[in-house]
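Structure first, commentary second.
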Amino acid sequence: MRLVTGPESPPWERRDGESTRAFASFTAYRDLGPRRSLRKLADLDGTPSKLRQYAQWSSHWSWPARAAAWDDEKDREARRDEIEAARRAHRVHAALAQAMVAKGAERIRQIDPARLSVRDATTLASLGVRMERLVRGNPTESLTVRADVDAWGEERVTGKQILGLLRANPRVAELADEMAGLIDFGVRE
């Protein structure tokens, strides 16, 4: 059997002139995985005496390079499969989320506003504002600064209070440290 191979032929395919036995041995070697060796191949088929023959075939038919190309291809296929699985999951999750939103919206439309308590109405409005801000990419959190009252009865916010609040928020803690180096908050570190 004569095979025609060329640049478009993957290296793990049978080479022109490669015997059936040599190719079968190559595929066994290839399938041993990244920690493959000729010794493992000989041990696998129970004929250590074939080690010399395997070494000759391996050298002549470039088994290590062909097997490495096989490993690379299998890795590419696995990554492609993983990406496609993630895309499918995103589509399923997005469809589920849309269905959940639709059901929730349907139920919310059925609410009689006159029957809502003030607390429920406030909670509903607050959640709606938060959702809208999230969708629009606006911040959903704010910092509350409690002011100190000075000797004259006036409320004053100290730089230490502002810096402490900023550092307590993980989203802006690093920025707070940078700001502390640029702005005098009246805090000595």
Closest contact, heavy atoms only, [X] versus [Y]:
X   : Y   : value
A42 : L51 : CB-CD1, 4.3 Å
L41 : S25 : CD2-O, 3.8 Å
L32 : L44 : CD2-CD2, 4.0 Å
A69 : W12 : O-CZ3, 3.6 Å

* To do: Decide salt bridge (Lys or Arg N to Asp or Glu O under 4.0 Å) for E106 and R109; before the verdict, give the C-alpha distance in whole Å, the side-chain angles of both, and the deciding distance to 0.1 Å.
  => CA-CA 5 Å; E106 181 182 322; R109 284 187 202 94; over 6 Å; no
* **Pairs meeting criterion salt bridge (Lys or Arg N to Asp or Glu O under 4.0 Å) with involvement of residues 29-51, two or more places apart** => R36-D71
* Structure fact -> Residue pairs passing the salt bridge (Lys or Arg N to Asp or Glu O under 4.0 Å) test with at least one member in residues 78-101, sequence neighbours excluded, are E73-R80, D75-R79, E84-R88, E84-R91
* Exercise: do R14 and T27 side chains pair donor with acceptor under 3.5 Å -> no
* **Pair D120-S117, side-chain donor/acceptor within less than 3.5 Å** => yes
* How about R76: does its CZ atom have over 12 heavy atoms from other parts shown lying under 6.0 Å from it? -> yes
* To do: Could you list who else is in M100's hydrophobic cluster, with ILVMFWY side chains joined at under 4.5 Å, directly or through other members?
  => L96
Between [X] and [Y] (side chain of the first, backbone of the second, donor and acceptor by atom type, cut-off under 3.5 Å), is there such a pair?
X    : Y    : answer
S126 : T122 : no
S59  : A55  : no
R15  : E13  : yes

* Asked: With respect to Y29, which candidate in W63, W57, F23 satisfies the ring pair (Phe, Tyr, Trp, His ring centres under 6.0 Å) definition?
  -> W63
* Non-hydrogen side-chain atoms of E18 and H60 separated by less than 4.5 Å -> no
* **Flag side-chain contact, heavy atom, 4.5 Å: Q53 against Q56** => yes
* Structure fact -> CZ of F26 to CH2 of W70, rounded to nearest 0.5 Å, is 8.5 Å
